[in-house]
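Reading through the structure tokens given below for one structure.
So that the names make sense, note that chain A is the first sequence line, chain B the second, and so on, each numbered from 1.
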Number of protein chains: 2
Amino acid sequence: MGSTRVKIAIDAMGGDNAPDEIVAGAVRAHAELDVDVVLVGDPHQVEAALKHHTHSSDIEIVPSEGTVEMEEEPLVGLRRKPKASINVAMDLVKKKQADAVVSAGHSGAAMAAALLKLGRLKGIDRPAIGAVLPTLIAGKPVLILDVGANVDCRPKFLEQFALMGTIYSQYVLGNSEPKVGLLNIGEEPNKGNELAIQTHELLSANPAIPFIGNAEGRDVLSGHFDVIVCDGFAGNVLLKFAEAVGEVALQILREELPRGLHGKAGVTFLRPNLKRIKQRMDHAEHGGGLLLGVDGVCIISHGSSQAPTIFNAARLAKDAIDNTVLDRIRSSYDPTVAVRADS
Amino acid sequence: MGSTRVKIAIDAMGGDNAPDEIVAGAVRAHAELDVDVVLVGDPHQVEAALKHHTHSSDIEIVPSEGTVEMEEEPLVGLRRKPKASINVAMDLVKKKQADAVVSAGHSGAAMAAALLKLGRLKGIDRPAIGAVLPTLIAGKPVLILDVGANVDCRPKFLEQFALMGTIYSQYVLGNSEPKVGLLNIGEEPNKGNELAIQTHELLSANPAIPFIGNAEGRDVLSGHFDVIVCDGFAGNVLLKFAEAVGEVALQILREELPRGLHGKAGVTFLRPNLKRIKQRMDHAEHGGGLLLGVDGVCIISHGSSQAPTIFNAARLAKDAIDNTVLDRIRSSYDPTVAVRADS
């Protein structure tokens with residue numbers, strides 16, 4: 001699709017707030033980003049949601065029937081419902097009728113659909129979900145992968161995650177010299193479980209990976225690492241804990257700050273600063289996780305996504321496409337693959 | 001030692017702030033808790049540290065030579081230095097000259113020394129380190145184990161952790177009906193890695209464990225669980241992340257709250273409330289982790305421990321002894337073991 005406008009298929013039926021919030025985010029992406037948006041979903045529901053918005057008449061709707069429910073086994077659900085929104089959205093990318101998929105639906109189903117319909121990139125055994133968290137250093141986020149696609153990993157999977165993460169950090173997050181770390185329980189190379197010890201050896205020996213050593217739990221948000229690799233079990237636990245802990249901190253603020261007369265007076269003065277604090281601690285800004293390693297751009301957003309998250313997910317998809325992330329991963333495993341010169 | 005005063009051996013040479021902060025915490029424990037304290041360390045350094053305190057002349061000093069350094073392999077260090085402070089402290093418990101050990105030194109060395117000198121409790125394959133974190137519900141902490149003793153675990157180890165955690169929660173933390181969770185990446189029994197899926201089965205089938213299901217990362221601090229079991233890799237990552245993230249939140253507060261004239265005025269009003277927020281987010285209050293499953297009471301405190309942490313660690317040790325936690329673990333694996341009636 002080269003120089004034409006990027007086209008993003010958005011699963012309008014996926015997530016707790018579908019379709020209204022999904023559609024609202026899609027409309028904003030269509031208006032503010034230089035992209036075309038395709039809404040995949042039940043036409044009646046999507047049209048009804050679109051009616052709340054002006055300037056939305058040129059947004060394309062591709063009909064689907066049903067969704068894979070949270071309690072369904074992903075593969076069973078995908079097979080039973082070939083016209084489910086996530087299946088239809090992936091088919092659009094497979095048929096080159098769209099460049100990317102954004103979904104806030106069942107993340108296991110999205111991943112399975114991507115694998116089935118798009119397949120893996122050459123050289124990649126297991127795709128991984130990458131998530132971006134803010135760090136102590138403003139404007140310097142950290143990419144963590146895998147955060148849930150692969151609960152049992154082998155060392156070479158983590159090596160592949162590290163390579164994909166390096167490329168993503170360089171070309172989407174704009175780190176000219178990304179620093180890669182391995183999530184572990186100590187600084188020394190011989191620390192950790194079997195997976196970590198063997199992965200440390202692989203990462204140290206791979207000249208394409210700018211590996212700087214182990215990252216302990218306390219280092220994750222320090223800003224010293226741009227990419228941290230781990231198995232999908234540890235990564236998922238960490239991500240969900242991080243999301244919740246911001247909420248915990250905000251709740252403690254809400255409970256403790258306004259106490260007493262002085263407290264109430266102080267809070268009145270601080271209202272704008274408190275708003276900024278909420279923004280810095282809030283993870284909704286990050287759009288979602290990029291599924292790295294499949295042959296297509298897929299953004300898996302949080303089930304609780306609201307319009308701003310979907311908007312940010314669409315921006316993430318556009319960035320990945322504009323910076324030819326897939327070609328760059330391909331070429332790192334196969335030097336004959338050319339990466340587009342204009343990026 | 002039955003009805004005599006509880007005697008706690010404190011490793012005066014272990015930790016970043018040894019011996020001064022360790023000795024200060026020990027002196028306070030001696031004065032304020034109904035316990036005897038034994039300081040294990042270099043006599044000259046310990047005596048010099050004791051000189052800063054009044055009423056400390058009746059604190060016993062047991063001499064040791066050297067410590068196991070952070071960069072040393074625990075077993076090698078312990079063997080090379082039989083008179084290292086941690087070895088001497090464990091020997092006191094082994095010889096029934098003390099009831100418990102508190103150390104902020106090399107945690108791997110403390111654990112190895114406990115295993116070598118005291119041995120495991122019958123029925124326990126692997127001892128675990130339990131750590132207590134505050135939750136969203138004030139006064140309702142959660143016990144997480146293992147947080148670092150065993151990086152590669154088998155399902156039955158986690159089952160043993162769950163049983164020991166239940167006893168600890170009941171008899172030390174005072175939960176009459178503790179709720180036990182399994183750290184996992186989803187709510188359903190079939191979610192997670194191999195370890196989690198198999199452990200879920202064991203926990204569900206064990207009538208002695210009040211298992212209520214999987215705990216995701218977002219549930220850890222919710223207060224819905226009193227005990228959460230996991231392998232030492234995930235637990236260590238989570239604990240260190242939790243410790244750091246409180247710091248991150250406080251730093252954002254420090255940076256953002258005083259911005260602008262209104263901010264400065266507001267902060268002046270809020271000083272007492274901000275102090276309370278710092279306390280609620282601060283993890284130093286918790287003393288340290290209890291090493292559960294060895295035949296003795298051992299508290300492993302953070303390397304950065306200062307006097308209040310050591311004081312709290314001594315209180316934790318006293319609570320574990322007063323509530324006969326070891327006998328209760330023993331009796332759960334061997335019904336012929338009697339638990340002291342006075343507890």
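Atom-to-atom distance recorded for A:Asp231:CG and B:Ile185:CD1 is 9.5 Å, nearest 0.5 angstrom. Interatomic distance, A:Asn236 CG to B:Asn193 CG, rounded to the nearest 0.5 Å: 10.5 Å. For the atom pair NZ of A:Lys240 and CG of B:Leu183, the computed distance is 10.0 Å after rounding to the nearest 0.5 Å. Put simply, CD on B:Glu73 and CG on A:Asn190 are 6.0 Å apart, with the number rounded to the nearest 0.5 Å.
Contacts of residues 146-156 of chain B with chain A at a heavy-atom distance below 4.5 Å involve B:Val151, B:Asp152, listed in sequence order.
Neither the backbone nor the side chain of B:Glu187 comes within less than 4.5 Å of any heavy atom in chain A. In this structure, no portion of A:Ala215 lies under 4.5 Å from any heavy atom of chain B. When heavy atoms are compared at a cutoff of 4.5 Å, B:Glu216 approaches chain A solely by way of its side chain, counted from C-beta outward. When heavy atoms are compared at a cutoff of 4.5 Å, A:Glu71 does not approach chain B at all.
Contacts with chain B were tallied for A:Ala196, A:Gly232, A:Gly192, A:Gly108; A:Gly192 has the most, counting heavy-atom pairs under 4.5 Å. Between chain A and the residues B:Glu188, B:Lys191, B:Glu194, the most heavy-atom pairs under 4.5 angstrom are made by B:Glu194.
When side chains are defined from C-beta on, B:Asn184 counts as touching A:Phe233, because their heavy atoms get closer than 4.5 Å.
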